[in-house]
Amino acid sequence: MSLQLKLPDGSVRSYEDGATGLDVAASIGAGLARAAVAVTLDGETLDLNRPIDRDGALSVVTENTEEGRHVLRHSAAHVMAQAVLDLYPGATYAIGPPITDGFYYDFDIGRPFTPEDLDRIEARMQEIIEIDQSFVRESLSIDDALELFADHPFKSEIIRGVDEAEGAGATEVSIYRNDSFVDLCRGPHVSSTGRLKAVKLMRSAGAYWRGDEKNPQLQRIYGTAWEDRKALRKYLNRLEEAEKRDHRKLGTELDLYSFPSDLGSGLAVWHPKGGLLRKEIEDYSRRTHLANGYEYVVSPHVAKAELWETSGHLQFYAESMYPAMELDGGQKYYVKPMNCPFHILIYKSRSRSYRELPLRFFELGTVYRYERSGVVHGLLRARGFTQDDSHIFTTFEQMPNELQNLLDFVLMVLRDFGFDEFEAELSTRNPEKSIGSDELWDVAEASLAKALEKAELPYQMAHGEGSFYGPKIDIHVKDAIGRRWQLSTIQLDFAQPENFGLTYTSSENVRERPVMIHRALLGSIERFVAVLVEHYAGAFPAWLSPVQATIVPVADRHQDYAFEVAAELKEAGVRVEVDDADETVGEKIRRAITQKHPAILVVGDSDVEDRTVGLRLREDDAEQRGIPLDEAVAGLAERNAPPR
RNA sequence: GCCGGGUUAGCUCAGCUGGCAGAGCAUCUCUCUUGUAAAGAGAAGGUCAUCGGUUCGAAUCCGAUACCCGGCUCCA
């Protein structure tokens with residue numbers, strides 16, 4: 001009997017019975033065999049040294065692919081657990097999966113790991129790697145496995161979980177041994193520890209068993225593993241680059257905003273430069289909404305408890321709300337965590353006709369949410385923030401078209417801010433807990449999906465992840481260094497129109513219930529600014545730059561002319577600064593560059609005489625001399641114009 | 001909220017086992033009058049986060065509080 005394996009290039013090759021993945025890889029090429037860490041057979045990943053027991057489509061997983069690194073990292077996690085169990089008798093281990101860019105393992109050791117512990121563990125791991133122990137797979141019955149892991153309660157719990165989840169069919173689990181270390185594991189693994197060429201432990205942290213804070217807290221160690229030292233170094237450089245772009249750091253360096261501790265956790269103040277950046281974003285937002293059929297509304301920051309009872313927030317959302325203020329003889333008021341009830345009240349302020357729908361109320365609404373103290377994170381997760389929030393009230397029939405237009409609008413806005421890679425997530429009904437008719441949900445989900453397809457937006461389904469009151473789309477952008485950020489959200493709501501008894505009069509003169517769409521495009525201005533700062537590393541497009549041009553007089557005698565140039569630029573709408581400090585030209589240029597100003601104008605003797613400027617643009621990194629002032633002003637004014 | 005780490009000048013950070021609080025940059029003053037990434041000199045700047053404790057003596061040790069940072073969502 002021979003084995004028929006179909007390779008990715010479409011060819012079918014025959015192999016001896018009992019051939020392993022490594023044999024197949026070697027038959028294709030020695031280089032491939034060296035780089036191989038596993039194979040996939042009809043989608044199932046197998047160890048390289050596992051005999052292939054059936055015909056199928058086979059491909060070789062190499063170590064420099066995401067899938068291959070997954071295998072490396074999984075094996076590295078085992079080696080780390082082995083090192084910890086070696087070094088700390090009495091420690092017990094929980095789970096250790098590969099994750100994006102690395103791996104972790106959770107331990108119960110009775111105390112936290114210190115940085116010195118990590119050094120020791122990493123050193124021990126190196127020893128294990130150098131010994132080059134083989135990973136050996138075995139299958140065990142559930143009962144045998146329970147016996148083997150009798151001293152390790154977390155493992156036992158997992159085994160019992162496998163037993164229940166897979167029902168009568170699954171009576172076996174697999175384990176992997178290397179030397180005396182044994183771990184419950186589905187695999188696959190590299191053939192031996194020597195394959196781990198670039199492993200580094202990153203940090204330790206507390207983590208709850210199965211992520212649930214009611215469970216005991218374990219000690220987690222995060223590490224990373226790559227196919228070679230070079231790839232590891234590249235990853236570490238990437239982390240460094242991300243750190244340089246950190247919006248909290250750049251916010252201080254560029255004097256945009258700060259988080260005074262006297263204010264309280266999660267609350268920011270915006271300095272003049274940050275204020276300007278923010279104003280540009282807000283102006284753009286108002287402008288484009290007004291140009292796209294939205295009506296601008298304004299609502300207060302507090303409202304009576306009854307409003308939040310009607311909306312259901314006090315019932316479902318109370319722990320994220322700032323506590324009540326009591327006044328007027330016991331009347332309770334809450335600071336708003338959301339803007340929707342106010343827009344609903346505007347809708348309800350008079351009777352509505354089908355002729356006015358869809359109604360689109362837009363507001364830059366500032367809300368306050370009591371985020372748990374451990375999760376606030378600069379502007380990305382704050383306790384007070386302003387949403388570019390809108391609520392659209394539409395008939396059921398109009399909904400598909402409205403969603404289509406909305407999605408186009410979202411993408412236009414995100415593109416205007418310099419994002420061009422998007423990904424969406426469509427969250428659908430959870431039948432266990434949701435309100436509204438099947439028809440409502442089906443049409444809504446189909447409309448969302450159709451809108452995504454028409455906009456040619458790649459999307460993933462998040463089945464059952466919709467909230468109880470409606471399905472939603474979240475839109476993620478990819479930034480300049482490849483990170484994903486969730487920004488926009490479009491959320492259908494079948495509950496609030498019901499809660500507030502919203503109606504409109506149809507063409508047949510009957511009362512109908514509108515559908516409500518919540519949506520925020522930038523998300524929150526705060527979070528959006530944070531993402532912009534990190535995306536551009538502080539070097540914003542000219543239209544968003546707080547300072548659009550710096551004028552550098554060469555000597556004191558050029559200052560009058562410098563201010564004249566500044567006045568002309570200001571006249572043309574350019575945000576300009578004159579750096580008249582008692583410093584050298586080089587120093588002033590350096591300051592402007594460090595502050596990421598998009599244009600620097602140097603003026604000296606010849607410029608005063610000829611009414612010209614020396615111009616240095618951020619992207620050119622070289623100066624042009626003797627540009628006529630009129631030309632420079634017109635050029636800068638044009639370059640600084642917002643996208644619309 | 002929980003686990004761990006942290007908070008020293010506007011910023012970045014030194015300050016060892018308790019014994020007179022420091023540097024660089026920024027700021028201010030003076031000199032220099034400058035043509036594309038840091039001119040020179042001097043000065044000023046601190047309740048060592050806050051409150052309490054231990055001690056002859058606390059930035060340093062202990063406790064509480066506030067704030068910050070890393071995690072707690074990748075599932076054998």
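Numbers restart at 1 for each chain; the letters A, B, ... are given by sequence-line order, proteins then strands. Reckoned from all heavy atoms, side chains included, excluding hydrogens, waters and symmetry mates.
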K.L.:
Heavy atoms from C-beta onward define the side chain here; which of B/C3, B/A26, B/A76 lies closest to that of A/L184?
P.N.:
B/A76
K.L.:
Could you work out the separation of B/U50 and B/U8 based on their P atoms and round it to a whole Å?
P.N.:
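Rounded to whole Å, the distance is 10 Å.
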K.L.:
In whole angstrom, give the distance that lies between atom CZ of A/R381 and atom P of B/G70.
P.N.:
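Atom-to-atom, A/R381 to B/G70, this comes out as 13 Å.
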K.L.:
Would you please indicate yes or no on a ring centroid separation below 6.0 angstrom for A/F468 and A/F316?
P.N.:
yes
K.L.:
Nearest to the side chain of A/D582, heavy atoms from C-beta on, is which of B/A39, B/G35, B/G1?
P.N.:
B/A39
K.L.:
When rounded to the nearest Å, what value does the distance between P atoms of B/A9 and B/C51 take?
P.N.:
16 Å
K.L.:
Does A/P98 reach a base, just sugar-phosphate, or nothing at all? Heavy atoms under 4.0 Å.
P.N.:
sugar-phosphate
K.L.:
Within the modelled atom types, does a donor on one side and an acceptor on the other bring the side chain of A/Y208 and the base of B/G71 under 3.5 Å apart?
P.N.:
no
K.L.:
Should the pair A/H377 and A/H247 be assigned to parallel (<30°), tilted (30 to 60°) or perpendicular (>60°) ring geometry?
P.N.:
tilted
K.L.:
Write down the distance separating the C1' atoms in B/U65 and B/C75, rounded off to the nearest Å.
P.N.:
38 Å
K.L.:
Is A/S204 side chain donor-acceptor paired with the B/G70 base, going by distance under 3.5 Å alone?
P.N.:
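Counting by modelled atom types and ignoring angles, no donor-acceptor contact under 3.5 Å is found here.
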K.L.:
Applying a 4.0 Å non-hydrogen cut-off, can you work out what A/D183 is touching in the nucleic acid: base, sugar-phosphate, or nothing?
P.N.:
nothing
K.L.:
Say you pick atom C1' in B/A44 and the same atom in B/G22; how far apart are they, in whole Å?
P.N.:
16 Å
K.L.:
Within the pair A/R557 and B/U34, is there a side-chain N or O less than 4.0 Å away from OP1 or OP2?
P.N.:
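Yes, because at least one side-chain N or O of A/R557 sits under 4.0 Å from OP1 or OP2 of B/U34.
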K.L.:
Base, sugar-phosphate alone, or nothing: which one does A/R372 contact when heavy atoms must sit under 4.0 Å apart?
P.N.:
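Base contact - A/R372 has a heavy atom under 4.0 Å of at least one base atom.
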K.L.:
When the P atoms of B/C25 and B/G35 are considered, how many whole Å apart are they?
P.N.:
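To the nearest whole Å, 23 Å.
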K.L.:
Give me the distance, rounded to whole Å, that separates B/U55 from B/A14 when you measure between the C1' atoms they each carry.
P.N.:
26 Å
K.L.:
Identify whether any heavy atom of A/R616 sits under 4.0 Å from a base atom; if not, whether one sits that close to sugar-phosphate; answer base, sugar-phosphate or nothing.
P.N.:
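Base, at least one base atom sits under 4.0 Å.
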K.L.:
Which part of the nucleic acid, if any, lies within reach of A/R210 when heavy atoms closer than 4.0 Å are counted: base, sugar-phosphate only, or nothing?
P.N.:
base
K.L.:
For atom C1', what is the distance between B/A59 and B/C3, given to the nearest Å?
P.N.:
26 Å
K.L.:
Regarding A/E253 and A/K596, does a basic nitrogen lie under 4.0 Å from an acidic carboxylate oxygen?
P.N.:
no
K.L.:
Answer with base, sugar-phosphate or nothing: what part of the nucleic acid does A/Y222 contact at a heavy-atom distance below 4.0 Å?
P.N.:
sugar-phosphate
K.L.:
Need one value for A/S265: base, sugar-phosphate or nothing, where a base atom within 4.0 Å counts as base even if backbone is also close, heavy atoms only.
P.N.:
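Contact class for A/S265: sugar-phosphate only.
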K.L.:
At 4.0 Å (heavy atoms only), tell me whether A/T114 reaches a base, stays on the sugar-phosphate, or touches nothing.
P.N.:
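Contact class for A/T114: none.
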K.L.:
Report each atom pair, protein N/O against N/O of nucleotides 5-14 of chain B, whose distance is under 3.5 angstrom.
P.N.:
none

K.L.:
For A/A555, answer base if it contacts any base atom (sugar-phosphate contacts may also be present), sugar-phosphate if it contacts only those atoms, and nothing otherwise; contact means non-hydrogen atoms under 4.0 Å.
P.N.:
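Base contact.
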K.L.:
With sugar-phosphate meaning primed atoms plus P, OP1 and OP2, does A/R248 contact a base, only sugar-phosphate, or nothing at under 4.0 Å between heavy atoms?
P.N.:
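Sugar-phosphate: the residue A/R248, judged by heavy atoms under 4.0 Å, touches backbone atoms but no base.
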K.L.:
When the C1' atoms of B/A43 and B/G4 are compared, how many Å lie between them, rounded to an integer?
P.N.:
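About 43 Å, rounded to a whole number of Å.
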K.L.:
Using a heavy-atom cut-off of 4.0 Å across all strands, would you classify A/V585 as base, sugar-phosphate, or nothing?
P.N.:
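Here A/V585 touches the backbone only, sparing every base.
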K.L.:
Any salt bridge between A/E577 and A/K273, counting N to O under 4.0 Å?
P.N.:
yes
K.L.:
What's the closest nucleotide to the A/A207 side chain, out of B/C2, B/G35, B/C72?
P.N.:
B/C72
K.L.:
Can you check the A/D212 CG to B/G71 P distance for me, whole Å?
P.N.:
20 Å
K.L.:
Which nucleotide, B/U33, B/C3, B/C72, lies nearest any side-chain atom of A/V375?
P.N.:
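Per side-chain heavy atoms of A/V375, the pick is B/C72.
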K.L.:
How would you label the contact of A/G604 with the nucleic acid (heavy atoms, under 4.0 Å): base, sugar-phosphate, or nothing?
P.N.:
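Touches a base.
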K.L.:
I'd like to know if A/E619 pairs up with A/R639 as an ion pair, taking the criterion as any Lys NZ or Arg NE/NH1/NH2 lying under 4.0 Å from an Asp or Glu carboxylate oxygen.
P.N.:
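Here A/E619 pairs with A/R639 in a salt bridge, since their nearest N and O are under 4.0 Å apart.
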K.L.:
Tell me whether A/R177 forms a cation-pi arrangement with A/F135, defined as NZ or CZ under 6.0 Å from the six-membered ring centre and within 45 degrees of its axis.
P.N.:
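Here A/R177 fails the 6.0 Å and 45° test against A/F135.
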K.L.:
Just call it for A/G266: base, sugar-phosphate, or nothing, with non-hydrogen atoms closer than 4.0 Å on any strand.
P.N.:
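Sugar-phosphate: the residue A/G266, judged by heavy atoms under 4.0 Å, touches backbone atoms but no base.
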K.L.:
Using a heavy-atom cut-off of under 4.0 Å over every strand shown, decide if A/H377 touches base, sugar-phosphate, or nothing.
P.N.:
sugar-phosphate
